[in-house]
Amino acid sequence: MRVALFVPCYVDQFYPKAAIATLELLEKLGCEVHYPKNQTCCGQPMANSGYEHLTSGCNNLFVDNFSGYDYIVCPSGSCTLHIKEHLYADGKEEQATEIRKKVYELTEFLVDVLKVKQLSASFPYKVGLHQSCHGLRGLRIAQMSELVAEPFSKPAQLLDLVNGLELVPLSRQDDCCGFGGTFCVVEEAVSAKMGKDRVADHISHGAQYITSADLSCLMHLEGILRRQNSDVKVIHVAEILNHSM
Amino acid sequence: MSREKILAAVKFNQPAANPLPDMEVLNTLTDVRTDLVSKYKTIATAGGSFVYEVSGFDEIKTIINNEFKPGVKIISALNELSDYIYAENVKHEDGHNFADVELTVLSTKLGVAENGALWLTEKDMGSRVLPFIAQHLAVVIGKDDFVPTMAQAYKVIVDADYGYGSFISGPSKTADIEQSLVIGAHGPRSLSVFILS
Amino acid sequence: MSTATTKDHPHLAAEFNRDEPRVNWHDETLWWVRAKRDIAAHKLPEWELLRETASQIKFNVLSNLSTYLEQFEANAIKNGIIVHWAADAAEHNQIVHNLLEQRGITKMVKSKSMLTEECHLNEYLKEQGIDVIDSDLGERIVQLANEPPSHIVLPCIHKKKEEIGDIFHEHLGSAKGESDPKILTETARQHLREVFLTRRAALTGVNFAVAETGEFVICTNEGNADMGAHLAEIHIASMGIEKIIPERKHLGVFLRLLTRSATGQPITTYSSHFSKPQDGTEIHIVIVDNGRSIQLGREEFRNSLKCIRCGACMNTCPVYRKSGGHSYHTAVAGPIGSILAPNLDMKKYADLPFASTLCGSCSNVCPVKIDIHDQLYKWRQVIVKEGYSPKAKTMAMKAMALTLASPTLYRMGGKTGRLVFKYAPFAVNNKLNPWYNQREMPKAPDESFGEWYAKRKGAKN
């Protein structure tokens with residue numbers, strides 16, 4: 001199985017450990033992982049700001065880098081969703097369509113494609129799971145609290161396989177963290193307040209770590225935790241699943 | 001004229017025709033096996049109504065006489081409760097005359113278990129304002145007059161001809177001040193429901 | 001994004017956030033309403049199908065709207081109702097004023113109608129010398145406070161009971177310092193009873209208008225619409241063209257959804273069906289367009305006209321909960337307001353589609369399944385293309401797009417100080433970095449993943 005690793009720009013630049021964990025985890029699980037080296041960004045920062053018309057450069061580059069693989073896997077729900085919903089490229093529409101079908105967020109890939117039932121990971125801590133909105137309501141990697149439907153959670157299902165890990169309950173299981181791309185600076189007051197309230201929910205339930213399938217949310221929550229000099233840390237779900245003692 | 005202008009703009013801008021959905025599928029999902037009276041009682045009570053299961057009108061009279069002081073103005077639309085002012089006799093009076101009504105007693109043949117609502121038409125009310133202006137409202141209904149949900153309720157009244165009708169599900173209430181529920185906003189301060197067995 | 005006269009959402013939201021305990025209180029109150037909605041929805045196994053059915057009925061309405069409007073008008077006239085048509089807010093206000101003036105009426109009681117808020121009817125009538133009293137308790141409170149409602153279902157959700165107590169003390173003579181909701185409600189009851197008994201005209205909104213029968217339905221908990229309408233000699237009902245539903249039986253779908261979505265109640269206390277005027281009185285309906293037919297023509301945004309004004313999207317919206325309804329500076333706040341308002345004035349409301357993280361919770365609670373967050377995304381594209389985005393932002397976005405489209409520029413930028421943060425979090429105004437105000441910057445690692453990977457043995461490209 002030839003898997004292309006899609007590492008979003010901010011993960012590449014700021015959270016290489018999450019990308020490394022994703023790579024190692026996929027290899028451990030038997031995938032032949034490729035990293036197309038000319039990849040940059042999915043284009044979402046422009047598109048969500050109303051500049052989708054400026055993303056054709058990113059789109060073309062994405063198609064050039066990611067065509068021809070069996071799967072494309074990304075440790076970010078938000079970027080995955082953007083590709084799934086907005087990747088279009090003039091003259092390369094066939095490849096773009098194929099990519100939109102083959103791109104997976106990491107936890108959904110592990111559950112739905114690799115059908116992972118056991119892991120050798122160990123992480124003896126209390127962990128709060130932050131559901132990223134794009135992963136949750138866009139990719140549906142877990143059930144949404146608003147709907148009258150059977151509950152499930154792909155990230156939680158995987159975390160349950162980790163030795164020693166205790167998932168803490170939350171008062172609001174899927175409220176937004178307030179990052180929202182440009183929202184975090186344009187609407188600074190509300191954004192920071194949303195982040196503070198999310199962090200408080202995890203802390204009040206005794207979480208030692210906050211994890212998520214999306215690093216953009218974690219980057220936001222980390223910024224708040226560090227400003228508060230909190231001992232609580234953020235960690236991408238791949239790093240937990242790849243964590244052995 | 002604006003009418004033509006609006007209709008033309010709407011016609012020009014509306015999307016291609018889309019069919020109405022099948023409503024029967026919904027009905028198959030509705031739980032109709034529940035004991036409707038007990039469900040009604042639970043829901044209506046939670047909504048602030050007082051629900052009494054009674055054997056006959058004497059029992060209703062006893063309850064009313066216990067709850068209301070003698071001499072207060074009570075208007076009844078029921079033949080069976082003739083001790084009070086008969087709604088039929090005053091229905092042409094100006095609504096403002098009912099400002100001092102303490103209790104209005106009405107009857108209906110349609111109640112909804114899922115939400116505690118009772119269907120009352122102008123004919124049942126005598127005067128439209130009566131169930132609103134009275135300080136208290138009471139409604140008499142038969143134990144077999146309940147349907148499970150609004151879907152079945154509208155099946156009952158689908159062809160009904162009324163000038164005015166209202167589903168009334170409890171006393172007048174508000175939670176506009178800090179979301180704290182207060183019974184007795186502008187309409188009746190209580191709703192008593194008498195279920196006749 | 002701001003105009004000279006109006007502060008935009010980020011500024012108004014920042015002002016709201018100066019009092020953090022108050023933000024917490026506002027947020028908790030609305031979250032509680034959302035939680036009640038969840039409990040109510042989960043009691044119905046058919047909930048999701050009910051939403052889908054309602055959405056489809058509304059789509060049928062939009063696609064046959066001209067026919068249904070004519071049908072509704074014909075049936076209403078047959079029932080003895082007088083029908084008026086208003087192309088815009090000004091015409092609506094004029095029609096209402098004329099009806100009052102012809103009868104020499106100078107005082108009117110009004111129950112909740114967001115349409116009249118949209119049309120600024122109260123201000124207009126005041127200028128004409130007409131005294132309007134809002135009879136919904138929440139609306140009366142904000143009216144006395146000289147403020148607009150901050151929520152379409154809970155108009156004074158932003159006010160604390162102590163503040164309401166002060167307002168009532170000043171205007172209605174309640175005891176100083178009295179803040180018990182029961183006592184304040186009783187004060188309003190006595191005050192408004194007098195109003196109901198002395199007003200010759202009553203104006204109400206319309207929740208649903210049935211094409212098949214010509215009747216219309218008004219839902220309240222307080223009974224104020226009925227008290228006003230039944231005691232007045234003229235009842236004026238204002239409705240937007242989108243309030244139409246095809247048949248009476250469809251009320252069975254919408255009335256099951258409306259209050260469960262709004263507050264978690266199974267139904268309002270009163271769901272009143274007005275079909276014919278009572279003897280000796282008149283019912284007038286004013287059917288208002290005010291931009292709706294334009295929205296109907298916007299393929300990507302027409303579904304916003306399915307809205308039944310339950311307010312669920314506001315209660316669930318974390319931005320609304322933490323910024324307050326007034327920060328949206330429009331009659332209908334929150335997510336739904338943010339997709340309706342740009343249709344009315346794209347420049348004035350260019351900020352609103354950006355007042356969202358696109359989290360999508362709004363679309364999930366919407367009882368008629370409006371794709372609210374997708375429409376917010378789409379409005380952003382329209383607003384930028386129409387030139388209502390700040391120039392600095394456009395320049396930054398262009399530079400960013402150029403860099404990200406080139407692997408060479410991207411890598412160069414990365415080496416010189418982790419490029420992504422040069423533009424992201426997208427500091428349009430570099431004088432102050434709004435990220436850093438309340439959050440630490442991420443620590444830049446020694447090497448990027450790309451750099452690490454290049455050194456890795458047997459790296460596959």
Side-chain angles (χ1 to χ4, degrees), chain A residues 7 9-14 16 19-20 32-38 40-41 43 45-46 48-55 57-58 60-61 133 137-138 144-149 172 175-176 178-180 182-190 192-195 197 219-220 222-224 226-227, chain C residues 10 13-14 17 23 31 38 41-42 44 47-48 316 318-319 322-323 354-355 357-361 364-365 377 380-381 383-385 389 393 397-398 400-402 404-405 407 410 414 418-420 424-427 434-435 437-442 444-445 447-450 452-453 459-461:
Chain A
V7 179
C9 52
Y10 69 98
V11 178
D12 174 51
Q13 297 288 319
F14 288 99
I20 293 167
E32 181 190 321
V33 186
H34 297 253
Y35 175 70
K37 71 172 186 343
N38 283 333
T40 59
C41 169
M46 283 84 78
N48 277 8
S49 306
Y51 295 83
E52 192 178 332
H53 60 284
L54 296 180
T55 60
C58 281
N60 277 317
L61 195 61
C133 300
R137 301 192 185 84
M144 300 155 268
S145 63
E146 301 90 1
L147 300 189
V148 178
R172 301 186 187 179
D175 217 12
C176 177
F179 174 66
T182 44
F183 179 87
C184 74
V185 288
V186 174
E187 290 271 5
E188 185 261 332
V190 180
K193 179 62 181 151
M194 286 167 69
D197 289 356
M219 175 167 70
H220 188 222
E222 183 186 39
I224 286 160
R226 283 183 40 224
R227 177 61 57 91
Chain C
N17 271 270
V23 177
W31 181 260
D38 289 353
H42 280 272
L44 295 192
W47 182 257
E48 299 302 335
T316 201
V319 178
K322 293 172 211 281
S323 65
F354 294 91
T357 59
L358 306 180
C359 83
S361 187
N364 276 349
V365 296
Y377 176 90
R380 293 180 184 188
Q381 314 305 323
I383 283 162
V384 166
K385 279 197 186 143
S389 182
K393 189 175 169 189
M397 284 295 156
K398 280 186 176 161
M400 189 176 186
L402 205 67
L404 292 174
Y410 172 77
R418 296 292 159 234
L419 155 123
V420 183
F426 326 111
W435 173 280
N437 191 24
Q438 297 187 66
R439 295 159 288 209
E440 293 296 317
M441 308 287 275
E447 54 186 8
S448 69
F449 175 77
W452 174 87
Y453 189 84
K460 296 183 185 72
N461 288 332

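These values consider heavy atoms only, across backbone and side chains, with no hydrogens, waters or symmetry-generated copies. Chain identifiers are assigned alphabetically (A, B, ...) following the order of the sequence lines, protein sequences preceding nucleic acid strands; residue numbering begins at 1 within each chain. Predicted, not measured: the structure shown is a model, and the values here were computed from it.
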Where does [X] contact chain C at under 4.5 Å (heavy atoms): side chain, backbone, both or neither?
| X | result |
| --- | --- |
| Arg227(A) | both |
| Asn60(A) | neither |
| Asn48(A) | both |
| Leu61(A) | side chain |

Are the side chains of Met194(A) and Thr357(C) in contact, using a 4.5 Å heavy-atom criterion?
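Yes, side chains in contact.
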Side chain, backbone, both or neither of [X] within contact of chain A (heavy atoms, under 4.5 Å):
| X | result |
| --- | --- |
| Asp38(C) | side chain |
| Leu44(C) | backbone |
| Leu358(C) | both |

Full working for salt bridge (charged side-chain N to carboxylate O under 4.0 Å, His left out) between Arg137(A) and Glu146(A):
CA-CA 10 Å; Arg137(A) 301 192 185 84; Glu146(A) 301 90 1; 2.9 Å; yes
Only pairs of heavy atoms separated by less than 4.5 Å count here; which of [options] has the most with chain C?
| options | result |
| --- | --- |
| Ala192(A), Gly43(A), Gly180(A), Cys41(A) | Ala192(A) |
| Gly50(A), Ala19(A), Cys176(A) | Gly50(A) |
| Gly57(A), Cys133(A), Gly223(A), Ala189(A) | Gly223(A) |
| Ile20(A), Val7(A), Thr55(A) | Ile20(A) |

Do side-chain atoms of [X] reach the backbone of [Y] as a donor and acceptor pair under 3.5 angstrom?
| X | Y | value |
| --- | --- | --- |
| Asp12(A) | Gly450(C) | yes |
| Trp31(C) | Thr316(C) | no |
| Glu188(A) | Asn437(C) | no |

Who wins among [options] for the most heavy-atom pairs under 4.5 Å with chain A?
| options | result |
| --- | --- |
| Arg439(C), Gln438(C), Glu48(C), Lys322(C) | Arg439(C) |
| Lys398(C), Lys385(C), His42(C) | His42(C) |
| Ala355(C), Ser323(C), Ser361(C) | Ser361(C) |
| Ala14(C), Cys359(C), Ala401(C) | Cys359(C) |

With a distance cut-off below 6.0 Å to the six-membered ring centre and an angular limit of 45° from the axis, does Lys37(A) pair with Tyr410(C) as a cation-pi contact?
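Not flagged: Lys37(A) not positioned over aromatic ring of Tyr410(C).
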Not counting sequence neighbours, which residues clear ring pair (Phe, Tyr, Trp, His ring centres under 6.0 Å) with His53(A)? List them please.
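Per chain and number, His53(A) pairs via ring pair (Phe, Tyr, Trp, His ring centres under 6.0 Å) with Tyr51(A).
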Determine the interplanar angle of the His220(A) and Phe179(A) rings, folded into 0 to 90°, and report it as parallel if under 30°, tilted if 30 to 60°, perpendicular if over 60°.
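Rings of His220(A) and Phe179(A): tilted, as their planes differ by 30° to 60°.
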Sequence neighbours excluded, which residues qualify as salt bridge (charged side-chain N to carboxylate O under 4.0 Å, His left out) partners of Arg226(A)?
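Arg226(A): no salt bridge (charged side-chain N to carboxylate O under 4.0 Å, His left out) contacts found.
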Are Phe449(C) and Tyr453(C) an aromatic pair, judged by ring center distance below 6.0 Å?
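Between Tyr453(C) and Phe449(C), the centre distance is under 6.0 Å.
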